[in-house]
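Just below is one structure, and these are the notes that go with it.
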There are 2 protein chains.
Amino acid sequence: MTTQQLTRNQGLVFDVLSHSDGPLSAYSILDKLRDSGFRAPLQVYRALDKLLEFGLVHRLESINAFVACAHPEEDCHAHGLTAFTICETCGKVTEFHDHVIEDRLKGFARDRNFKTGKTTIEIRGTCAGCA
Amino acid sequence: MTTQQLTRNQGLVFDVLSHSDGPLSAYSILDKLRDSGFRAPLQVYRALDKLLEFGLVHRLESINAFVACAHPEEDCHAHGLTAFTICETCGKVTEFHDHVIEDRLKGFARDRNFKTGKTTIEIRGTCAGCA
DNA sequence: GCAATTGATGTAATAACATTACATTCATAT
DNA sequence: ATATGAATGTAATGTTATTACATCAATTGC
């Protein structure tokens, strides 16, 4: 998935997220896109749904916000599990992938015949710069 | 923390969660407590805040809902990291603790001088019974 | 005893996040 | 050219959470 084949709305939303310092809520994205013609939350949510599907954007469940993927040129879904640190002071988000954790969770699920869908791993705290 | 020293509202909310089959939203808790005199969301949220603090209740970030801790007699905070599987079909939630994952996340955070606050691990999918 | 403080409660209003419903437009594949 | 599926526009509504302010209850220090 390259950012070339995005629709206008998807492109605008991805652009806003890519150029943002930190995660943004759907409504702050909407505000930033008023001048580009956005008028309703659904325009943002629809674009976000697609971007999430493409693996270009991640949703941070614990703060109801969205970030651009750290490596949008590759397919993030292919990296397996994605985890995040979220600085509660400056908002900085760091994305990482850990195969040990992934295997461990997979094992846990398999042992219980639990069919894994989406997995969320988010560490909230204070980043090095803000400590 | 035993459930003895809870206030009336905290006790009522904990009771509803303890006797529930699955996770409940704050507003469904409110509905279940109308007859006990609850009239506003804040009564629920305030009780939940305390119960979370006491480790008697967990918040499921990915579904905006709350569950009673699986072992309220012990202090859940003492077990370290808590992770969950959440069945999207029947709502069943299973709580578990994994030291390998915990150590791995701790290591990641330490390497980056990230001071860890609350960590969320939630696996959404389909449980054995619903597969 | 009785202020002073602290924690819990009651209530209303509002803010923040997300979806449903329905009409329309666009792309493209026959 | 037209049928189809995807994307869009807009309004209304639903769901989750917080702010603000008044009151009440328990505890502490004097």
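Quick caveat, the model's predicted, so the values are computed rather than measured. Note on naming: letters A, B, ... go to the chains in the order of the sequence lines (proteins, then strands), and numbering restarts at 1 for each one. Atoms considered below: every heavy atom in the structure, side chains included; atoms not considered: hydrogens, waters and symmetry mates.
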Hey, which of B:D31, B:I29, B:V67 is the one that makes side-chain contact (heavy atoms from CB on, under 4.5 Å) with B:L24? B:I29
Just one of B:D75, B:D49, B:L6 clears the side-chain contact (heavy atoms from CB on, under 4.5 Å) bar with B:F54, so which one? B:L6
Determine whether B:E122 and B:R59 satisfy the following criterion, salt bridge (Lys or Arg N to Asp or Glu O under 4.0 Å), listing intermediate values before the conclusion. CA-CA 11 Å; B:E122 296 173 15; B:R59 177 190 172 85; over 6 Å; no
Shared ILVMFWY cluster between A:V44 and A:L56, side chains joined below 4.5 angstrom? yes
Are the ring centres of B:H79 and B:H99 closer than 6.0 Å? no
Using a cutoff of under 3.5 Å, can you pull out all pairs of nitrogen or oxygen atoms linking the protein to nucleotides 15-18 of chain C, with atom names and distances?
| from | atom 1 | to | atom 2 | distance (Å) |
| --- | --- | --- | --- | --- |
| C:dA18 | OP1 | A:R59 | NH1 | 3.2 |
| C:dA18 | OP1 | A:R59 | NH2 | 2.2 |
| C:dA18 | OP2 | A:Y45 | OH | 3.0 |
| C:dA18 | O5' | A:Y45 | OH | 3.4 |
| C:dA18 | N7 | A:Y27 | OH | 2.7 |
| C:dA18 | N6 | A:Y27 | OH | 3.2 |

With a 4.0 Å cut-off (strictly under) to non-hydrogen atoms of chain B, the first and last hit nts on DNA chain D, 5' to 3', are D:dT16 to D:dA20
Within 45 degrees of the ring normal and closer than 6.0 Å to the centroid, is that where the cationic atom of A:R112 sits relative to A:F108? yes
Ignoring hydrogens and geometry beyond distance, is a side-chain donor-acceptor pair present between A:R124 and A:S62 at under 3.5 Å? yes
Under 4.0 Å protein heavy-atom contacts per nucleotide of nucleotides 5-10 of chain C, with B for base, S for backbone only and - for none: ---SBB
Parallel, tilted or perpendicular: ring planes of A:Y27 versus A:Y45, cut at 30 and 60 degrees: perpendicular
Is any side-chain heavy atom of B:T119 closer than 4.5 Å to a side-chain heavy atom of B:I121? yes
Answer yes if the ring centres of B:H58 and B:F84 are under 6.0 angstrom apart, and no otherwise. yes
